[in-house]
Amino acid sequence: MNVAPSPDPPSWRELLGTEHLGAAIVLAGGVLVAAINIYLAASLLPTAVSDLGGESFYAWNMTIYLVAMVVATMLTGRLLSRRGNVGAYLLGFATFTAGSVACALSPAMVVLLLSRGVQGLGAGLLSGLGFAVIRSALPSRLWTRGAALMSAMYGVGNFTGPALGGLFAQLGVWRLAFAAMAVLAALCGAMVPRVMPPGERSDVRPPIPAVSLSLVMAAAGAVSVAGVLPGTLAKAAGIAGALLLVAGFVVHERRSELRVFPQATYRRGSSLKWIYLTLGLLSFGVAVESFLPLFGQRLAGLPPLVAGFFAAAISLGWSLTQIGSSSVMGDRGVRRLCVLGPVLLALSLLVQGLLQRADTPTWLVAIWVPVLLVAGSGIGLAYPHLSVAAMSCIPDPEEGARAATAIATVTSLSIAFGTAVAGVLLNLGGESILDSARYVLFGLPIICALGTLTAWAANRTRRLEQAGQAPLRLGS
């Protein structure tokens, strides 16, 4: 599919105008409710545990949600082929709403854990659908704007989740937080039949890649469990096991006819694998947000609520930057942003590590905020353009939808990996919170910096693809 770039950059007014507003709300709303609930429970759990008991299962709330979310994103393409856009979205919102209601009514921790799993399944479907359905819900000239809007929802969700959870917990009505999410999801679901195109449906039931799903589910579970295991060696062993499972997943996918990722991902000379790796390394850096409130409270003496908002500066920078970066349309400018993004993210986190002090003075805390905003802006500069590149680099509609859906899978899995790795680095500091902060803030950016190399490789292979096949341009 060769699509010429629009002569004039599409405006936000066009995306949010009467013709496309409904679809934009559903696309963004699905991603938003999923993102909010990644961190919502973390703020609620101390209060919930006091009501329900089950403190030993504390960490499993995040683990079960993330594993269910990753697995569900991998089933999105098959759900679309059977139910079409409307049916798939209705099922996603219904599943999420049911899980949220069950969370609100949970009489015991075991029920809450099972309900979080149902929530995660709905969240994974909604995240995957957002990037897959954008191809049919919006004209191609608005893909970059639409991808930027949905990508910004991850940032807004990471910002809103802890704040919303903390507010309801402080008021002593933690169940109402889940009820509020159920209402939001139900409202978005009610809009679906009126604003979404039905999409193509097939009576053929595509086979489920059971082996691939089992391997990635085991990897997601291993890395999530690694994040909560006691001791550095146990955490490192969990991460190593997860990496081995990911390697097994890749080997199987390359050889199998039943795949989760498009076949082009594993083809020599394809840019798709480099695009996914860059998206993953950008998302990897988001994991630092889980630990910044701890550093703010212990090193700077910030109150919990202030420390939570301070930590959300990365997400805020991510969301705001995309408003401007999505306006860049030329190939050269887009390629530069894709490389600049990982550079800014890595350098800003390194600077943040250098700024850590015991008994941090107020003037130094004031410097932390703009540094973290710049770190988030690195994600915002590159993420929407990389998302559009993944969606548009395969001409076949079925494979293209699969490539788009995989964006959510890569993002969710990378955040889980990043959180587990940061947990290992935190333990290296032992009793010193200052040493722990430096290990985390020096270790994560070293990994994120690899995104510069993968972005360069994506740009290079993309140019070669354009020269040989003239596919859709990266910036279009």
Side-chain angles (χ1 to χ4, degrees), residues 10-13 15-16 21 24-40 43 123 126-127 130-131 134 138 142-166 181 184 188 278-290 292-293 308-328 334 337-338 340-346 348-349 352 368-388 407-408 410-412 414-415 418 448 451:
S11 65
W12 285 104
R13 180 178 298 178
L15 176 64
L16 302 178
L21 178 61
I25 290 175
V26 170
L27 293 170
V31 175
L32 178 62
V33 296
I36 287 177
N37 277 271
I38 293 178
Y39 295 110
L40 177 74
S43 301
L126 294 172
S127 296
F131 288 100
I134 189 177
L138 299 175
L142 290 176
W143 285 0
T144 301
R145 294 291 194 191
L149 180 63
M150 287 188 293
S151 174
M153 292 303 101
Y154 280 110
V156 173
N158 291 349
F159 179 86
T160 306
L164 185 66
M181 297 311 304
L184 178 60
C188 290
T278 309
L279 283 168
L281 289 165
L282 287 169
S283 303
F284 194 92
V286 178
V288 76
E289 286 192 334
S290 299
L292 288 173
F309 279 109
F310 146 77
I314 290 180
S315 292
L316 185 61
W318 175 1
S319 301
L320 293 177
T321 303
Q322 289 178 123
I323 296 174
S325 70
S326 61
S327 300
V328 178
V334 167
L337 291 181
C338 290
L340 180 60
V343 172
L344 283 181
L345 174 63
S348 298
L349 292 181
Q352 183 68 15
W368 287 1
V369 176
V371 171
L372 293 173
L373 285 172
V374 173
S377 72
I379 304 174
L381 288 176
Y383 196 101
H385 297 291
L386 291 165
S387 299
V388 171
I407 297 169
V410 169
T411 300
S412 301
S414 296
I415 292 174
C448 294

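Here CD1 of I379 is found 11.5 Å from OG of S325. Values are rounded to the nearest 0.5 Å. To the nearest 0.5 angstrom, L337 atom CG is 5.0 Å from H385 atom NE2. Going from atom CG of L373 over to atom CG of L320 covers 8.0 Å, rounded to the nearest 0.5 Å. The distance from atom CG of L316 to atom CG of L372, rounded to the nearest 0.5 Å, is 11.0 Å.
Partners of T321 according to the side chain to side chain contact (heavy atoms under 4.5 Å, CB included) rule, which considers only residues two or more places apart in sequence or in another chain, are S377, L381. Under the side chain to side chain contact (heavy atoms under 4.5 Å, CB included) criterion, V31 pairs with M150, M153, Y154, sequence neighbours left out. Scored by the side chain to side chain contact (heavy atoms under 4.5 Å, CB included) test, L15 finds W12, A24, L138, L142, R145, L149 as partners (sequence neighbours excluded). By the side chain to side chain contact (heavy atoms under 4.5 Å, CB included) test, A123 pairs with A34, Y65, M69, F96, sequence neighbours left out. When the side chain to side chain donor-acceptor pair (under 3.5 Å) test is applied to T411, the partners found at least two apart in sequence or on another chain are Y383. Shown here are the side chain to side chain donor-acceptor pair (under 3.5 Å) partners of S127, two or more places apart in sequence or in another chain: there are none.
Closest heavy-atom contact between I415 and A287: O-CB, 4.1 Å. Residue G29 comes nearest to C188 through the heavy atom pair CA-SG, 4.2 Å, listed as atom of the first residue, atom of the second, then distance. The minimum heavy-atom distance between L345 and G285, with the atom names listed, is CD2-CA, 4.3 Å. Heavy atoms only, all atoms of each residue included: W143 and I134 are closest at NE1-O, 3.4 Å. Shown here for V374 and S348, the closest heavy-atom pair between the two residues is CG1-OG, 3.2 Å. The two residues G378 and L282 make their nearest non-hydrogen contact at O-CD2, 4.2 Å.
Inter-residue side-chain proximity for V388 and P384 is flagged as unmet; no heavy-atom pair is nearer than 4.5 Å. Put simply, the side chain of V410 does not reach to within 4.5 Å of the side chain of S283, judged on heavy atoms.
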| request: Take L292 and I314 through the side chain to side chain contact (heavy atoms under 4.5 Å, CB included) test and state the conclusion after the steps. | output: CA-CA 10 Å; L292 288 173; I314 290 180; 4.0 Å; yes
